[in-house]
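These notes concern the structure reproduced below.
Read the numbers this way: they start at 1 and go in the same order the structure lists the ligands and their atoms. In this text the structure is predicted, and so the values were computed from the model without any measurement.
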Amino acid sequence: MRMYDIILKKRNGGELSEEEIRFFVEGYTSGSIPDYQASALMMAVYFQKMTERETAALTMAMAHSGDMLDLTAIRGVKVDKHSTGGVGDKTSLALTPMVAACGIPVAKMSGRGLGHTGGTIDKLESFPGFTTALSREQFIGNVNRIGIAIMGQTADLAPADKKLYALRDVTATVDNLSLIASSIMSKKLAAGADAIVLDVKTGSGAFMKEEQDARALAEEMVKIGTRAGRKTVAVISDMDQPLGYAVGNALEVKEAIETLRGRGPADFTELCLALGSRMLLAGGKAETEKQAREALEKAVADGSALEKMAEFVEAQGGDSRAVYDPSLLPKADLTLQVASPAEGYVSRIVCDEVGMCSLLLGGGRETKESKIDLSVGLVLCKKVGDPVKRGEALAVIHANDPGRAEQAAERFLAACRISEKEPAKRPLIRAVIGEAHPA
Ligand code: URA
């Protein structure tokens with residue numbers, strides 16, 4: 001088999017066989033196929049697309065390119081959750097203790113990632129001392145003992161995807177539906193869960209700006225997961241404005257804690273309940289959505305979800321006192337209010353731009369080597385649809401540098417639109433794909 005023939009076949013619109021896809025993935029991972037041939041194939045895929053069969057074959061080949069995690073030593077149905085990412089998306093921080101408190105074992109691999117804030121692991125490192133450097137035995141032991149453990153993604157998890165994603169990033173071939181679906185699902189399948197709940201975002205702060213594209217991605221991923229024998233459900237949720245109010249690592253941790261106390265923002269709380277109920281249903285802990293939501297609400301009301309967070313933080317070396325006293329989390333030196341220039345309704349908050357404000361303040365990584373400032377970010381005071389008076393605060397910037405605070409404030413203001421007319425509401429949950437259970 002020759003890589004040249006595989007590229008030519010795809011370039012001309014042919015369907016690659018499972019063998020040809022495996023040949024490419026194995027050769028690229030081992031280094032026998034060079035970057036320039038892999039780039040040519042990715043560009044051919046970008047233009048010619050892949051069939052459902054090809055996408056499934058690419059996913060399985062990438063999933064098997066490294067370790068397939070064996071979680072059978074963990075008791076119960078393991079349910080993983082994945083978000084396609086967005087601004088202020090701190091869902092894993094609140095959701096994992098909520099479902100763990102309801103008896104779903106959470107054995108999760110998370111990332112750091114580039115972007116406007118850190119990934120889940122960076123956010124968790126706001127707890128002084130917190131570490132994700134767990135051995136496999138500690139990881140499994142913690143899940144069996146307290147019901148929750150989160151570790152960093154190992155180099156051996158889907159290494160083909162790691163190499164290919166980095167290549168796609170610099171060859172303008174990221175935004176292809178089959179390539180995104182196979183990239184995400186290869187890691188999820190290799191991470192070993194029995195069931196997977198996907199949060200696919202749509203709107204100005206999401207990968208998939210248009211709802212129809214988010215829907216197509218969700219359908220593709222659900223098909224891949226189901227084909228691989230994992231119960232898979234996708235929730236399509238709005239990301240046209242930041243989720244909740246807080247954007248920035250420690251600020252988001254604080255908001256997640258508030259949510260576990262039952263005092264979280266309405267949209268964020270609703271998303272946790274929507275995703276959490278699908279996790280409980282997939283894990284056999286509820287038979288109807290209503291039952292699942294009630295169980296999650298009870299775990300918040302009786303304090304068991306908050307206690308679960310404290311146990312988890314403590315088990316991974318973190319200072320769990322911060323769960324009960326968030327003033328112990330990193331705090332920025334200064335705050336700056338962004339005042340509304342007019343009276344009316346907030347009709348738009350361009351989500352990507354709010355993310356850029358956080359990045360500008362030092363809350364995210366521009367390159368893999370960048371160091372994150374966990375204390376900075378911004379907290380919205382108004383969401384889309386809220387009335388606002390002239391001079392009233394739209395947001396508060398948390399910064400360690402006055403110059404950057406001013407720049408972020410200007411940029412945030414430019415991202416907001418104030419209109420005379422109340423804007424139409426965008427529903428938070430757009431659709432659920434792949435679900436079969438009573439409401
Ligand atoms: N996230 C991934 O893991 N892979 C992609 O291709 C896009 C988003």
Note the single closest protein heavy atom to atom 3 (O) of ligand 1, along with its residue, its atom name and the distance in Å. Lys187 NZ, 2.5 Å
For ligand 1, which atoms, with element, lie under 4.0 Å from some heavy atom of Ile184? 1 (N), 2 (C), 3 (O)
Where ligand 1 meets Ser183 - atom numbers and elements under 4.0 angstrom, heavy-atom basis: 2 (C), 3 (O), 4 (N), 5 (C), 6 (O)
Decide, yes or no, whether a salt bridge links Arg136 with Asp67 under the criterion of side-chain N to carboxylate O below 4.0 Å. yes
What protein heavy atom sits nearest atom 1 (N) of ligand 1, and how far away is it? Tyr165 OH, 3.4 Å
Hey, what's the ring geometry for Phe24 with Tyr28, parallel, tilted or perpendicular (30° and 60° as the breaks)? parallel
Carboxylate-amine/guanidinium contact Asp175 Arg168, below 4.0 Å: no
Thinking salt bridges, do Lys81 and Asp199 make one under a 4.0 Å N-O criterion? no
With heavy-atom distances below 4.0 Å as the criterion, list the atoms of ligand 1 near Ile180. 6 (O), 7 (C)
Is Arg22 salt-bridged to Glu19, going by a charged N under 4.0 Å from an acidic O? no
Counting each atom of ligand 1 from 1 as listed, which ones have a heavy atom of Phe207 under 4.0 Å away? 7 (C), 8 (C)
